[in-house]
Enquirer: 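Below is one structure. I have some questions about it.
Small disclaimer: the values here were computed from a predicted structure and weren't measured.
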Amino acid sequence: MLMVQLGQCNGVLGQYPKLSPLVRRRKERIQRSISLQAQALPSRTQRIMESIAVEGEVGGAGGAYSYNALKRLDHIWSSICSNVTVSQQPQQVVSSIPGVSSHSDLTGKVVDKFDVVVCGGTLGIFIATALSAKGLQVGVVERNILKGREQEWNISRKELLELVDVGILEENDIEQAIAMNFNPNRCGFEDKGEIWVKDILNLGVSPVKLIEIVKKRFISLGGVIFEGCSVSSISIYEDASVLKLAKGNILSSRLIIDAMGNFSPVVKQIRRGKKPDGVCLVVGSCARGFKDNSASDIIYSSSSVKKVGDSEAQYFWEAFPAGSGPLDRTTYMFTYVSPQPGSPKLEELLEDFWDLMPEYQDRLPHPSLKHRTELDSAGCLSASGRVSLQACSSKPFLLLFPAWIDTDKPGISRGRQGVSLDNLEILRVIYGIFPTYRDSPLPAAFDRILQFGDASGIQSPVSFGGFGSLTRHLGRLSAGVYEAINGDFLDASSLSLLNPYMPNLSASWLFQRAMSAKKNSNVPPEFINELLYVNFQSMQKLGDPVLRPFLQVYCLISPFQSFFLVDLIDAAIWSQDVIQFWALSKTLGLVMLTKPQIIPSIFKQVGIPVLLDWSSHFFMLGYYTFLSTYADPLIRPFLTAFPSKMKYEWKRYLEAWKYGSGLDYKL
């Protein structure tokens with residue numbers, strides 16, 4: 001017999017029965033049992049990942065594919081997001097010891113002596129090879145086997161040629177490393193319109209082939225690689241740095257370059273467990289079964305902010321054909337978040353990815369009769385009436401399609417691929433965490449140790465992965481390190497000049513914050529897409545001198561009510577993250593004039609403290625532009641007359657002005 005009691009609510013007789021303690025306990029046991037059964041069932045992500053044969057995982061971001069590795073990374077991410085203060089200090093990998101290394105107890109145990117030892121080989125092999133080409137004795141320490149991941153890197157030919165300029169590749173090496181070439185590429189935001197751009201992130205480079213080519217060149221130049229070795233400790237003496245490796249090897253070097261990435265133990269020690277200011281979370285897959293697989297997306301948003309667990313997220317997409325087969329396609333879904341309790345986990349994002357990916361993977365533009373004349377005259381219309389992307393790829397222009405692209409409206413319609421997850425063979429599941437800090441690049445904290453690549457934080461907070469940033473700065477950094485070695489300018493102060501303050505990098509924080517969904521921000525869900533659209537519309541009105549450099553940061557869209565062609569020969573690459581003062585000033589000014597009603601939402605989204613901090617970087621961006629434009633030509637002729645230390649310092653100042661203002665970028 002079920003015993004119930006009538007409950008009373010605020011002095012009023014309740015309408016629902018109150019369960020007796022016995023029944024309530026029985027109900028709680030049943031709920032716990034159901035919960036445990038649900039926990040015992042593997043998630044869709046686990047089932048998919050455990051059905052894929054995972055071969056040897058490699059170092060670097062995106063080098064791990066297994067479900068266990070995903071859980072480990074999610075555990076690290078949860079620790080970062082936790083409000084609990086970690087009392088335990090990060091492991092003290094680096095220690096400074098007075099005196100010279102010859103008087104230490106390590107004398108006679110050193111295996112090899114080098115000018116430079118690079119720790120972390122996936123991206124470190126590039127600067128190691130550049131320094132070896134200059135005649136330095138260089139060693140590379142890599143905890144895994146030094147090889148590239150299977151997943152391709154997106155880049156442009158212009159960026160790859162920068163590797164030729166610094167002497168680590170020949171031009172024929174580039175062709176060997178390119179796995180895919182796809183043009184044009186799409187950018188779009190929530191059906192406001194879309195653009196197709198040429199030569200922007202249009203090459204899929206095989207990291208396996210590229211790193212193998214660079215590795216062979218490094219060895220041919222006399223470089224030494226220590227594979228399967230992780231760094232145990234680093235001792236800094238007055239005349240050398242001494243590394244102890246986990247396998248027992250001991251190496252001595254005049255300089256150590258830390259290329260161990262975002263989670264470098266040296267960086268952890270320097271930052272003392274500080275929580276990142278922002279994080280880009282990335283999930284995705286490489287899958288087989290896409291019949292219509294000729295187009296690619298640089299950045300695309302198909303929806304507004306959505307709720308994910310206890311948090312909110314604005315999803316962006318990137319997709320492109322993969323080099324492993326004609327039906328293979330790589331798809332990324334990424335979002336920007338501030339690490340805090342309740343932030344979505346990678347596995348949660350993957351669960352959304354499986355739901356949303358088939359819907360996102362649509363459709364190439366299909367023009368109506370109204371626009372066939374324009375397309376046909378441009379040579380971009382196939383006999384079947386569809387846009388021929390292969391034909392368009394030979395044309396030096398940017399295609400803009402209007403906002404009214406729904407199939408039930410006049411204009412441009414879309415044909416769905418009819419992609420179903422059941423019909424796809426998942427080859428790899430991809431995931432990663434890319435933390436960024438506002439006080440980047442990271443200055444040298446120790447003598448004889450310099451951070452490089454992702455470890456230095458020199459990449460933009462709106463990009464994930466630092467390969468494009470590496471190619472931009474590799475020539476500057478390799479030349480600077482070579483001068484520091486030759487002049488023995490290896491103190492922390494001198495090395496910090498190689499990772500200087502760059503106002504254009506600091507200014508990009510406003511975009512990262514604006515693209516991050518903020519809980520309880522009281523802004524409309526479509527605000528992020530609307531803000532991005534307004535920015536691009538303003539840049540388009542200001543013309544190519546404003547538009548092209550800004551494409552270095554992100555590609556945006558505009559819902560213009562006509563179809564037209566814009567010349568985009570030698571278009572910029574957004575992965576290199578270039579911001580220039582005049583382009584930014586004109587764009588922001590026009591945004592405020594054309595859509596002033598969006599300004600209150602900007603204040604709510606990013607916050608007044610962030611805007612005030614950004615204003616100081618914006619001022620410095622203008623100041624660096626002035627110095628690089630007018631002071632540099634006056635100072636440079638006198639450099640040869642300066643003493644060696646002074647010459648080294650002033651060359652670094654001139655580089656900081658140039659790169660910090662974005663004036664290193666040429667159309």
Side-chain angles (χ1 to χ4, degrees), residues 60-62 122-123 125-126 148-166 168-187 195-214 282 284 286 290 293-300 317-332 389-399 428 430 459 463-474 548 551-555 568-578 665-667:
T122 305
L123 293 183
I125 190 66
F126 292 93
R149 66 181 192 179
E150 294 294 331
Q151 196 58 44
E152 285 120 8
W153 289 335
N154 275 29
I155 199 168
S156 73
R157 188 174 297 273
K158 180 175 179 288
E159 289 174 300
L160 285 177
L161 288 174
E162 292 175 358
L163 300 179
V164 176
D165 292 340
V166 298
I168 66 174
L169 287 181
E170 302 289 342
E171 289 202 39
N172 61 333
D173 294 331
I174 293 177
E175 302 306 322
Q176 295 180 40
I178 294 174
M180 284 295 295
N181 189 337
F182 32 87
N183 254 328
N185 304 318
R186 182 176 66 164
C187 310
I195 63 173
W196 293 80
V197 292
K198 185 174 183 288
D199 295 337
I200 296 181
L201 293 176
N202 65 300
L203 299 181
V205 174
S206 167
V208 173
K209 294 179 181 178
L210 180 61
I211 290 179
E212 184 61 27
I213 292 169
V214 178
V282 183
C286 181
F290 294 93
N293 192 31
S294 58
S296 61
D297 284 349
I298 294 175
I299 183 169
Y300 192 87
W317 299 84
E318 179 182 356
F320 48 90
S324 52
L327 302 181
D328 299 354
R329 189 168 181 81
T330 297
T331 308
Y332 293 117
L389 294 178
Q390 188 174 13
C392 286
S393 66
S394 64
K395 310 297 179 183
F397 51 60
L398 172 150
L399 301 171
R428 283 184 299 278
I430 309 161
Q459 74 278 8
S463 65
F464 56 92
F467 187 52
S469 177
L470 177 148
T471 61
R472 179 188 172 203
H473 293 279
L474 186 59
R548 291 184 187 183
L551 282 173
Q552 297 283 84
V553 184
Y554 49 79
C555 290
L568 255 190
I569 299 176
D570 296 325
I573 308 304
W574 81 298
S575 65
Q576 285 194 332
D577 314 309
V578 174
Y665 168 71
K666 304 297 180 184
L667 292 176

Enquirer: Going through the distances and angles, do Ile174 and Leu203 end up as a side chain to side chain contact (heavy atoms under 4.5 Å, CB included)?
Expert: CA-CA 11 Å; Ile174 293 177; Leu203 299 181; 5.6 Å; no
Enquirer: Check the orientation of Phe467 and Phe126. Use parallel for under 30°, tilted for 30 to 60°, and perpendicular for over 60°.
Expert: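 Geometry flag for Phe126 against Phe467: tilted rings.
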Enquirer: Looking only at non-hydrogen atoms, find the nearest pair between Ile211 and Thr122 and report the distance.
Expert: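 In terms of heavy atoms, the two residues are closest at CD1-O, 3.5 Å.
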Enquirer: For Pro326 versus Asn293, what's the shortest heavy-atom pair and its separation?
Expert: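 Shortest heavy-atom contact: O-ND2, 3.1 Å.
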Enquirer: Dump the intermediate steps for side chain to side chain contact (heavy atoms under 4.5 Å, CB included) on Gln151 and Thr330, then the final yes or no.
Expert: CA-CA 8 Å; Gln151 196 58 44; Thr330 297; 2.6 Å; yes
Enquirer: I'd like to check Leu163 versus Thr471 (side-chain heavy atoms, cut-off strictly below 4.5 Å). Are they in contact?
Expert: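 Answer yes - side chains close enough.
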Enquirer: State the CD-CD1 distance between Glu162 and Ile168, to the nearest 0.5 angstrom.
Expert: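 If we round to the nearest 0.5 Å, Glu162:CD and Ile168:CD1 are 11.0 Å apart.
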Enquirer: How many angstroms lie between CD1 in Ile299 and CZ in Arg186, if you round to the nearest 0.5 Å?
Expert: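 Reported to 0.5 Å precision, the distance equals 12.0 Å.
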Enquirer: In Å and rounded to the nearest 0.5 Å, what is the NE2 to CD distance from His473 to Gln459?
Expert: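 CD of Gln459 is found 9.5 Å from NE2 of His473.
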Enquirer: Counting only heavy atoms not in Glu170, do more than 12 sit closer than 6.0 Å to its CD atom?
Expert: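 Open.
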Enquirer: Can you name the nearest heavy-atom pair linking Ala319 to Arg329, along with the distance?
Expert: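 Reported closest heavy-atom pair: CB-NH2, 3.8 Å.
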Enquirer: So, using salt bridge (charged side-chain N to carboxylate O under 4.0 Å, His left out) as the criterion, who are the partners of Glu171 when residues are at least two apart?
Expert: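 Listed in chain order: nothing, the list is empty.
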Enquirer: Would Val282 and Ile430 satisfy side chain to side chain contact (heavy atoms under 4.5 Å, CB included), going step by step from the backbone distance to the final call?
Expert: CA-CA 8 Å; Val282 183; Ile430 309 161; 5.7 Å; no
Enquirer: Please name the pair of heavy atoms, one in Glu152 and one in Ser324, separated by the smallest distance, quoted to 0.1 Å.
Expert: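 Scanning both residues completely, I find the closest heavy atoms to be OE2-N, 4.1 Å.
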Enquirer: Applying side chain to side chain donor-acceptor pair (under 3.5 Å), can you list everything that pairs with Asn181, at least two apart in sequence or on another chain?
Expert: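 Side chain to side chain donor-acceptor pair (under 3.5 Å) check on Asn181 returns Asn202.
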Enquirer: Tell me every residue that passes side chain to side chain contact (heavy atoms under 4.5 Å, CB included) with Ser206, counting only those two or more places apart in sequence or in another chain.
Expert: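 Residues passing side chain to side chain contact (heavy atoms under 4.5 Å, CB included) with Ser206: Ala179, Val208, Lys209.
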Enquirer: Under the salt bridge (charged side-chain N to carboxylate O under 4.0 Å, His left out) test, which residues partner Asp328, sequence neighbours left out?
Expert: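 With sequence neighbours excluded, Asp328 shows a salt bridge (charged side-chain N to carboxylate O under 4.0 Å, His left out) to Arg288, given in chain and number order.
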Enquirer: Hey, could you give me each pair passing salt bridge (charged side-chain N to carboxylate O under 4.0 Å, His left out) that has a residue in residues 175-184? Not counting sequence neighbours.
Expert: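 Output for this query lists Arg157-Glu175.
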Enquirer: For a quick test of reading the model, state the closest non-hydrogen atom pair linking Gly204 to Asn154 and the distance between them.
Expert: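 Shortest heavy-atom separation between Gly204 and Asn154 comes out as CA-OD1, 4.4 Å.
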Enquirer: Give me the atom names and distance for the closest heavy-atom approach of Phe182 to Ser294.
Expert: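 Smallest heavy-atom distance, with atoms named: CB-O, 4.3 Å.
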Enquirer: Distance from Ile213 atom CD1 to Asp173 atom CG, nearest 0.5 Å?
Expert: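 One finds 5.0 Å between CD1 of Ile213 and CG of Asp173.
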Enquirer: Show the numbers, then the answer: is there a side chain to side chain contact (heavy atoms under 4.5 Å, CB included) between Glu159 and Trp153?
Expert: CA-CA 12 Å; Glu159 289 174 300; Trp153 289 335; over 6 Å; no
